[in-house]
Amino acid sequence: MTGLFGDIEQLAASCRFSDCRHGNEPGCAVREALHNGSLAQERWASWQKLQRELAYLETKKDDAARMQKLLDILEDLDDVQDVFHNAAL
């Protein structure tokens with residue numbers, strides 16, 4: 001992503017706080033660049049949209065991993081039931 005939005009990444013690295021969310025934090029280099037016009041609003045909006053899309057994809061990936069873990073647990077439980085069933089025979 002640095003290649004696509006390297007300018008914004010550099011600005012973000014210049015913020016006073018390393019966890020700056022580029023909202024109302026003091027010393028936000030991104031907000032300053034938006035204010036002085038060195039960063040176009042449209043470019044910033046594109047970066048924000050991409051961040052939202054990446055967060056959504058990460059959530060979906062996490063959901064899929066949780067679902068797989070549940071399926072694995074159910075499969076293990078099924079195996080345990082088979083052992084008890086066969087032992088009872």
Side-chain angles (χ1 to χ4, degrees):
M1 177 135 85
T2 302
L4 295 174
F5 291 100
D7 56 333
I8 295 176
E9 298 295 330
Q10 282 183 324
L11 285 169
S14 300
C15 291
R16 182 186 303 170
F17 301 106
S18 61
D19 63 346
C20 184
R21 298 184 54 83
H22 319 301
N24 296 320
E25 297 88 351
C28 177
V30 172
R31 286 285 161 203
E32 178 59 31
L34 288 166
H35 179 72
N36 70 26
S38 62
L39 175 60
Q41 289 285 342
E42 296 81 17
R43 183 153 178 76
W44 175 241
S46 293
W47 186 84
Q48 289 178 308
K49 181 180 179 188
L50 181 58
Q51 294 303 307
R52 286 190 302 273
E53 290 171 358
L54 290 172
Y56 173 77
L57 291 174
E58 193 63 32
T59 300
K60 287 300 197 184
K61 187 171 104 178
D62 291 345
D63 288 349
R66 277 193 296 275
M67 182 61 73
Q68 185 59 53
K69 188 172 185 173
L70 286 172
L71 290 173
D72 291 345
I73 289 169
L74 289 173
E75 187 175 305
D76 290 345
L77 287 173
D78 193 39
D79 291 345
V80 169
Q81 284 180 333
D82 287 347
V83 167
F84 280 110
H85 178 75
N86 291 335
L89 295 178

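Every value quoted in this text rests on a predicted model; they were computed, and no experiment measured them.
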Taking atom CD of Gln41 and atom CG of Leu34, what is their separation to the nearest 0.5 Å?
5.0 Å

Determine which pairs satisfy ring-ring contact (aromatic ring centres under 6.0 Å, His included) with at least one residue from residues 19-42, sequence neighbours left out, and list them in order.
His22-Trp44

Residue pair Asn36, Glu32: steps toward the side-chain contact (heavy atoms from CB on, under 4.5 Å) verdict
CA-CA 6 Å; Asn36 70 26; Glu32 178 59 31; 3.8 Å; yes

N/O donor to acceptor pairs below 3.5 angstrom from side-chain atoms of residues 64-76, sequence neighbours left out:
| unit_1 | atom_1 | unit_2 | atom_2 | d |
| --- | --- | --- | --- | --- |
| Arg66 | NH2 | Asp63 | OD1 | 2.4 |
| Gln68 | NE2 | Asp72 | OD1 | 2.8 |

Report the distance from atom NZ of Lys61 to atom OH of Tyr56, rounding to the nearest 0.5 Å.
15.0 Å

Taking Gly23's backbone N and O only, do any of them form a donor-acceptor pair with Glu25's side chain (distance below 3.5 Å, no angle check)?
yes

From CZ (Arg31) to CG (Leu11), nearest 0.5 Å:
12.0 Å

Is the shortest heavy-atom distance from the side chain of Ser46 to the side chain of Phe5 under 4.5 Å?
yes

For a side-chain contact (heavy atoms from CB on, under 4.5 Å) check, start with the C-alpha distance between Lys49 and Arg52, then their side-chain angles and the critical distance, and finish with the verdict.
CA-CA 5 Å; Lys49 181 180 179 188; Arg52 286 190 302 273; 3.6 Å; yes

How about CZ on Arg21, more than 12 heavy atoms from neighbouring residues, nucleotides or ligands closer than 6.0 Å, or not?
no

